[in-house]
Student: 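So that we are looking at the same thing, I have put the structure below in structure tokens.
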Amino acid sequence: MLIYGLMKYVESVPLRYDKVMNVLTLGRHGQAREILLNEVKAGMEVLDIGCGTGVFALAAAEKGAKITCVDASASMLRIFRQRISQRPDLEPSLDIRECGAASIGHVLKDRRFDLVTASLMLGELPASVRTHTIRVSGTLLKDGGRFVVCDEFWPRNPFLSVVYHLLFWIFFIPNFLLTRTLIQPVKGFDEDISSAGLVIAKRYSLLMGAMAILWLEPGATEGCTSRAC
Amino acid sequence: MLARVKDLIIRARCVILWYNPIRFPVGLLESGKPGPDSPVLVSGNYYHTVRRLQRAVRKINCYILVADSAGINVWCAAGVCDFNEHKIADAVHSEGLAGKVAHRELILPQLGAVGIDLKRLRKESGFRGVWGPADLEDIPAFLDQGKKSDEKMRLVRFSQADRFYNAVGVFNIFLLFPFLSWLAGYSEGAHFFLAINLIEIFSIFLFYHALPFKYPTSNSVLVGVITLVAVLIDAVCLRPVTSSVLLFRIVATIMINFLVTIDMLGSTPFFKTTMGHWLRKWDNHSLFQPEILDHCTGCGECEDVCPKLIFTMEARADGNGKKIALTHLYNECIECLACVKQCPVESIINLNGDIYKHDVQSVPNIDNIMRTKPGPQTEDARRFLRPIDY
């Protein structure tokens, strides 16, 4: 939760967002982005939910993919557009939409994607909005498409869960002072993905399991629906 | 039973920890037995607000759509993009509202106007937004009169209950001083701080409308002077104390009064200026002074959302049948910038130019709007038609 607290803090200075995030996550933010970028191939249609200042989207566009970028923060998108103005050659590959994450089904209606990514944004959403976002993201996948999530997850292990609760209350004051709000790691993710008909095809742990990258695919019977497997 | 106890504890937390965001889960609540034609009232997710709204509309069959506002009140959240069309659209889709009601209309809190773009809301959610009243207590009357707000409903109030709530919150923050005094081993000082806090904070909030001056800062200074005189009479004549204790009491009284007075610049819904401006010029007016440019279309959006009734639509002087917004008592403005946000043609600018509070982040293109210079014709357009009795 401290990661999110500090993230919210640095969001107030979007220009420095990516650099600061990388320091905060001990370089793993950049590493996670590289792993996500490995999924991107030329000609792919990609949806980046919570694109922020667009570092991932621009890198993906450079690889020849067509990126639809969604973010609810106008200030982040302003920085993103400034970056695009320095790379006009990539502009035709980028489609920026300012909207909420749960509204993508309505805004993008008939569009389908080879790859949908959501990096460090699900924890910012209220539970019901997150559930809906995951469900809609699943429906926006083409056949054979993948939904890749990078986030901080609330541990299922009871001992670790108690430790997280303790840390949460210890960091309550600094977290609140920095963010004026309370953001938690993603809870109930397994239930959300199983209700969305998604299964985890692969997982990669970061920061001693505090963060993880999960590859999700449609399919209720094959694979596993729990992060424990 | 357990849920009720939990609710009471959270509500007590709302009062005690005033600055602490306390979230109500985002979702769709039912009041009475709502049907497909029942109105949908949109609320932020500050726990205290949602519970108050539920109580206010308990006799009405309606839906309450709780959208994320980061657990803080709608007015503050809207100004910093924590409550906007995206958050509302997300709640609409997450709750499957389109499948539950036959109409496509959302009743929005008027004080959220600084953050909500109605056109984008419609595009993103499929629902049309209608401004409700400024105070949620007026919602039943608002619905009774066909979802129309009259002047009284658009005017922001500061009720006794709100003031008490505010006073308790400020008092709890100010407990820091007796606590520090107690930690330093000076318990008599801690008692003195407690008494001074109690007198200065509660008298200014609870007697808000009874005190003689128009501005709460002036009233707070008056309360401070009276308190200081009482402290001096007590410490010199009635129960004499040593000079060091007397000095402590004088400094403590002045310091607490100064801090409470500074709080009056932002903690009330009446006046909002910067501390520097107030200290330098002894002026309570907001730095933003609205001025209408001639390309105003007279659409009335600003009139619908202004919580101080500053705008009215009047026929243009050239008699072409078109209307223009006029600013009445523009110096009553509290710089919420709802008018600037809602104006579709960016015709509301600042007489003070780029000098404003810079705390509202939800207005796109605000830098250019604030840098726009008023034209000569607008000086003629500003008229002061009638006083408003607050």
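Quick note on labels: first sequence line is chain A, next is B, and so on, each numbered from 1. The figures that follow rest on heavy atoms only: side chains count, while hydrogens, waters and symmetry mates do not.
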Student: Within a 6.0 Å radius of atom CG on A/Asp143, are there more than 12 heavy atoms belonging to other residues, nucleotides or ligands?
Tutor: no
Student: Please enumerate all residues that pass salt bridge (charged side-chain N to carboxylate O under 4.0 Å, His left out) together with B/Glu301, with sequence neighbours excluded.
Tutor: none
Student: Should the heavy atoms of other residues, nucleotides or ligands under 6.0 Å from CH2 of A/Trp215 be counted, would the total exceed 12?
Tutor: yes
Student: Nearest 0.5 Å, what's the NZ-CG distance between B/Lys87 and A/Leu125?
Tutor: 9.0 Å
Student: With a 6.0 Å cut-off (strictly less than), is the heavy-atom count around NZ of A/Lys142, excluding the residue itself, greater than 12?
Tutor: yes
Student: Please answer whether the main-chain N or O of B/Val26 pairs with a side-chain N or O of A/Ser128 as donor and acceptor at a distance below 3.5 Å.
Tutor: yes
Student: Test your reading of the model: is there a side-chain donor-acceptor pair from A/His132 to the backbone of B/Gly96, 3.5 Å cut-off?
Tutor: no
Student: Quick check for you: to the nearest 0.5 Å, what is the distance between B/Cys81 atom SG and A/Met76 atom CE?
Tutor: 11.5 Å
Student: What closest approach, in Å, do A/Ser103 and B/Asp90 show between heavy atoms, and which atom pair accounts for it?
Tutor: OG-OD1, 3.0 Å
Student: With a 4.5 angstrom heavy-atom cut-off, could you sort out which part of B/Gln361 is near chain A: side chain, backbone, both or neither?
Tutor: neither
Student: B/Lys123 versus chain A, heavy atoms under 4.5 Å apart: side chain, backbone, both or neither?
Tutor: backbone
Student: Can you tell me if CZ on B/Arg51 sees more than 12 non-hydrogen neighbours from other groups inside 6.0 Å?
Tutor: yes
Student: Name the region of A/Ala72, side chain, backbone, both or neither, that has any atom closer than 4.5 Å to a heavy atom of chain B.
Tutor: both
Student: Which residues from residues 92-101 of chain A are near chain B, with near meaning under 4.5 Å between non-hydrogen atoms?
Tutor: A/Glu98, A/Cys99, A/Gly100, A/Ala101
Student: For B/Ser125, which atoms come within 4.5 Å of any heavy atom of chain A: side chain, backbone, both, or neither?
Tutor: backbone
Student: Would you mind checking which part of A/Val107 comes under 4.5 Å of any heavy atom in chain B, side chain (CB onward), backbone (N, CA, C, O), both or neither?
Tutor: side chain
